Amino acid sequence: TRAEEMLDRATDDTLNFDDLGVDAILVDEAHEYKHLGFATAMQRGIKGVDPSYSKKCQGLFLKVKAVQEMNAGRNVIFATGTPISNTAAEIWTFMRYLLPRETMEEHNIWHFDDFVRNFGSIQQMLEFTTAGKYKENNRFAGYTNLPELARIWAGIADTVLTAEAGEVKSQIPELEGGKPTDIYLPQTAGLRAVIKYVKKELEAFERMSGQEKKENSHIPLTMYGIAKAAAIDARLVMPNAPDDIHSKTNECVRQTLRSLKDSGAYKGTVAIFADNYQRKNRQTGVVEFNLFMDIRDKLIAEGVPAEQIMVMRDGLTDKKKEEIFTKVNAGEIRVILGTTPRLGVGVNIQERLHTLMHIDAPNRPMDYWQRMGRLLRQGNLHKEMDIPVRVIRFGVEDSLDVTAYQRLKTKGAIADAVMNSKTLLLNNLENRVLEEEGDEFGNITAELSGSEYAILQNQTEKELRKLLAKQDQHRQHQMC
């Protein structure tokens with residue numbers, strides 16, 4: 001029944017796909033086709049497993065298999081910069097697309113649960129919750145037997161990292177201080193009021209009976225959204241919240257003015273990202289508060305010309321977008337604000353871009369790196385001028401910023417394990433686990449928790465992973 005639902009979609013009664021003469025398929029941005037759906041017994045009680053499906057992915061899967069059958073398993077090419085963008089299951093999804101079923105059965109990975117048993121790492125992790133407490137969760141957080149997994153992956157994937165492409169890397173500007181600048185802000189009075197309300201609602205939810213929880217299953221997710229928005233600016237949640245001087249919004253204005261001044265001699269530009277940016281009236285749907293417009297108004301009040309500030313919105317034509325981006329590259333527009341979808345993929349504004357700001361943390365490492373890619377790319381004039389560029393990440397202590405960066409850390413480690421698969425194959429007896437040389441999100445997670453013990457835990461976890469890897473290497477040597 002579920003299979004029939006997945007394939008039930010409107011079709012034309014003209015030609016079948018097989019009659020079109022298609023003998024090859026090239027899929028760009030292939031990460032958009034990862035929701036194939038699958039059956040699993042692991043979804044309950046284990047986070048990081050997403051068995052959802054989409055009809056466009058099911059349609060592509062059938063077309064891929066049809067082309068492969070006609071061409072001895074060949075003539076299908078997927079291209080993407082982020083094969084693993086959200087969950088550890090995605091590498092298995094790409095294998096389903098590109099590997100013959102016989103090969104997957106030979107490796108005992110045709111079924112998802114078999115794949116997890118052979119290569120998955122289910123870990124118990126302490127995670128910061130909406131209620132402001134740490135809770136232990138089971139999460140599909142990575143892989144084991146990495147060399148064997150990497151060998152299967154190498155059979156269908158050719159991976160090239162920026163660090164390996166010397167010519168490309170040499171043209172990317174240096175980061176100020178060698179890493180992003182993290183600005184930690186205290187909780188505002190408005191945020192504390194919201195957190196108090198959220199805790200009260202969640203405690204009431206926990207006291208409900210099983211049936212009541214089922215009927216009100218939306219409450220935890222709703223409270224998560226409220227607490228996450230309030231960490232940016234309490235006015236995104238409460239109409240009567242004060243405009244606090246210590247909010248992310250006002251700190252963003254201060255940092256933008258600083259960057260505009262620092263890069264004023266050559267009309268340097270600033271890009272500001274936030275995916276949660278407005279509050280609408282529930283009854284009328286009218287926008288009552290817009291974060292981007294608030295920042296824009298404050299910049300204008302500080303003397304930045306209105307025509308030098310652009311807020312990206314829905315409905316802009318490709319021609320209009322191109323005009324805007326051309327003005328940003330020319331320094332005519334010096335501040336551009338938008339969400340990851342509007343200002344991320346395919347946007348070329350790098351020429352004079354001096355500062356990139358993350359007001360919030362996106363849900364996926366892919367989105368984070370799409371943002372970063374607007375700045376750290378070829379064609380940025382700061383490389384020629386030998387001037388470092390600036391990345392600023394804002395976080396509020398003891399807020400859901402902790403959770404957001406914690407999830408990015410977990411998902412980022414999964415992606416790194418796959419993208420660095422060549423390293424694992426160099427010595428498959430020693431490289432059983434990929435050791436972390438750098439951690440893009442771990443330190444900010446620990447800092448935002450507001451606890452020195454969280455920082456120590458982060459450092460200790462890294463050391464423990466290294467020791468476990470060495471223990472595993474020793475056992476492998478004993479077996480040889």
Side-chain angles (χ1 to χ4, degrees), residues 28-29 31-32 56 79-82 173 232-233 236 249 252-253 255-257 259-260 263-264 266-281 284-360 362-364 366-382 389-392:
D28 195 14
E29 304 293 352
H31 54 269
E32 298 290 343
K56 76 171 184 179
T80 175
T82 48
I232 299 172
D233 194 308
L236 285 169
T249 309
C252 177
V253 171
Q255 293 298 326
T256 300
L257 292 170
S259 291
L260 291 177
S263 61
Y266 53 90
K267 296 182 180 178
T269 60
V270 177
I272 300 171
F273 283 93
D275 291 338
N276 201 331
Y277 66 97
Q278 66 182 12
R279 185 192 74 247
K280 292 183 178 180
N281 185 292
T284 64
V286 175
V287 175
E288 295 180 334
F289 175 75
N290 185 296
L291 180 78
F292 295 144
M293 297 307 295
D294 188 67
I295 292 173
R296 178 181 182 274
D297 292 344
K298 287 172 178 173
L299 290 173
I300 293 173
E302 291 291 335
V304 181
E307 63 272 17
Q308 293 186 10
I309 307 170
M310 176 56 63
V311 177
M312 297 299 292
R313 55 181 174 79
D314 288 330
L316 293 174
T317 63
D318 290 341
K319 182 179 179 181
K320 182 62 177 176
K321 289 178 183 177
E322 197 59 40
E323 290 175 1
I324 292 170
F325 301 152
T326 298
K327 288 183 178 180
V328 174
N329 283 325
E332 295 174 31
I333 293 174
R334 296 195 62 198
V335 181
I336 187 166
L337 307 93
T339 62
T340 307
R342 294 178 192 163
L343 200 54
V345 182
V347 174
N348 294 311
I349 54 172
Q350 70 272 15
E351 289 188 26
R352 297 175 189 271
L353 193 55
H354 172 270
T355 301
L356 185 145
M357 300 188 190
H358 301 277
I359 294 182
D360 60 2
N363 291 324
R364 305 175 298 180
M366 176 186 78
D367 297 327
Y368 176 84
W369 290 114
Q370 285 291 354
R371 292 180 179 186
M372 296 286 280
R374 301 320 98 207
L375 177 71
L376 303 176
R377 64 190 298 129
Q378 296 166 276
N380 191 310
L381 298 176
H382 288 84
V389 293
R390 186 177 295 161
V391 173
I392 297 176

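Just so you know, these numbers come straight off a predicted model, no measurement behind them.
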Review point. Are any of the side-chain heavy atoms of Leu356 and Ile392 separated by less than 4.5 Å?
Key: no
**Study point:** Separation of Ile349 CD1 from Thr326 OG1 (nearest 0.5 Å)
**Key:** 11.5 Å
Point to revise | Any Ile336 side-chain heavy atom under 4.5 Å of Ile272 side chain | key: no
Point to revise | Considering all heavy atoms, the nearest Leu375-Leu353 contact | key: CD1-O, 3.2 Å
Review point. Rounded to the nearest 0.5 Å, how far does CG of Leu381 lie from CD of Glu351?
Key: 5.5 Å
Review point. Aromatic rings His354 and His382: how do their planes relate, parallel, tilted or perpendicular, breaks at 30° and 60°?
Key: tilted
Point to revise | Non-hydrogen side-chain atoms of Leu337 and Val335 separated by less than 4.5 Å | key: yes
Check your understanding: Met312 versus Ile324: any side-chain heavy-atom pair under 4.5 Å?
Key -> yes
Review point. Hey, are Glu288 and Asn281 close enough side-chain-wise for a donor-acceptor pair under 3.5 Å?
Key: yes
Review point. Could you go step by step and tell me if Lys298 and Asp294 meet the salt bridge (charged side-chain N to carboxylate O under 4.0 Å, His left out) rule?
Key: CA-CA 6 Å; Lys298 287 172 178 173; Asp294 188 67; 2.9 Å; yes
Exercise for review: Answer whether the closest heavy-atom distance between the side chains of Ile359 and Ile232 falls below 4.5 Å.
Suggested key: yes
Study note, to complete from the structure: Scanning both residues in full, the closest heavy-atom pair of Leu236 with Tyr277 reads CD2-C, 3.5 Å
Practice item. Applying side-chain contact (heavy atoms from CB on, under 4.5 Å), run through Arg296 and Val311 and close with a yes or a no. Key: CA-CA 8 Å; Arg296 178 181 182 274; Val311 177; 4.3 Å; yes
Practice item. Give the minimum heavy-atom separation between Pro173 and Leu376, together with the two atoms involved. Key: O-CD2, 3.9 Å
Check your understanding: Roughly how far, to the nearest 0.5 Å, is the CG atom of Asn329 from the NZ atom of Lys267?
Key -> 13.5 Å
Check your understanding: Is there a side-chain contact between Val304 and Leu257, using heavy atoms and a 4.5 Å cut-off?
Key -> yes
Point to revise | Nearest heavy atoms of Ser259 and Ser263, plus distance in Å | key: O-OG, 2.8 Å
Practice item. State the CD-CG distance between Gln278 and Leu291, to the nearest 0.5 angstrom. Key: 10.0 Å
Practice item. Verify salt bridge (charged side-chain N to carboxylate O under 4.0 Å, His left out) between Asp275 and Arg342, making sure each step is shown before the conclusion. Key: CA-CA 10 Å; Asp275 291 338; Arg342 294 178 192 163; over 6 Å; no
Exercise for review: Ignoring hydrogens and angles, state whether a donor on the side chain of Thr269 or Arg352 is under 3.5 Å from an acceptor on the partner side chain.
Suggested key: no
Exercise for review: Evaluate the side-chain contact (heavy atoms from CB on, under 4.5 Å) criterion for residues Thr355 and Thr256: first the C-alpha distance (whole Å), next the side-chain angles of each, then the deciding distance (0.1 Å), finally the verdict.
Suggested key: CA-CA 8 Å; Thr355 301; Thr256 300; over 6 Å; no
Exercise for review: Check the pair Asp233, Thr249 against side chain to side chain donor-acceptor pair (under 3.5 Å), reporting the backbone distance first and the verdict last.
Suggested key: CA-CA 7 Å; Asp233 194 308; Thr249 309; 2.6 Å; yes
Check your understanding: Are Lys320 and Glu323 close enough, and set up right, to give a side-chain contact (heavy atoms from CB on, under 4.5 Å), and what steps lead you there?
Key -> CA-CA 5 Å; Lys320 182 62 177 176; Glu323 290 175 1; 3.8 Å; yes
Check your understanding: Between Arg374 and Arg377, what is the shortest heavy-atom contact and its length?
Key -> NH1-NH1, 2.9 Å
**Study point:** Test item: Val270 and Arg334 side chains (from C-beta on) under 4.5 Å apart, heavy atoms
**Key:** no
Check your understanding: If you take all heavy atoms of Leu260 and Gly268, which pair is closest and at what distance?
Key -> CD2-O, 4.1 Å
Point to revise | Lys327 atom NZ: more than 12 heavy-atom contacts under 6.0 Å | key: no
Check your understanding: Quick one: does Phe289's side chain get under 4.5 Å of Lys280's, heavy atoms only?
Key -> no
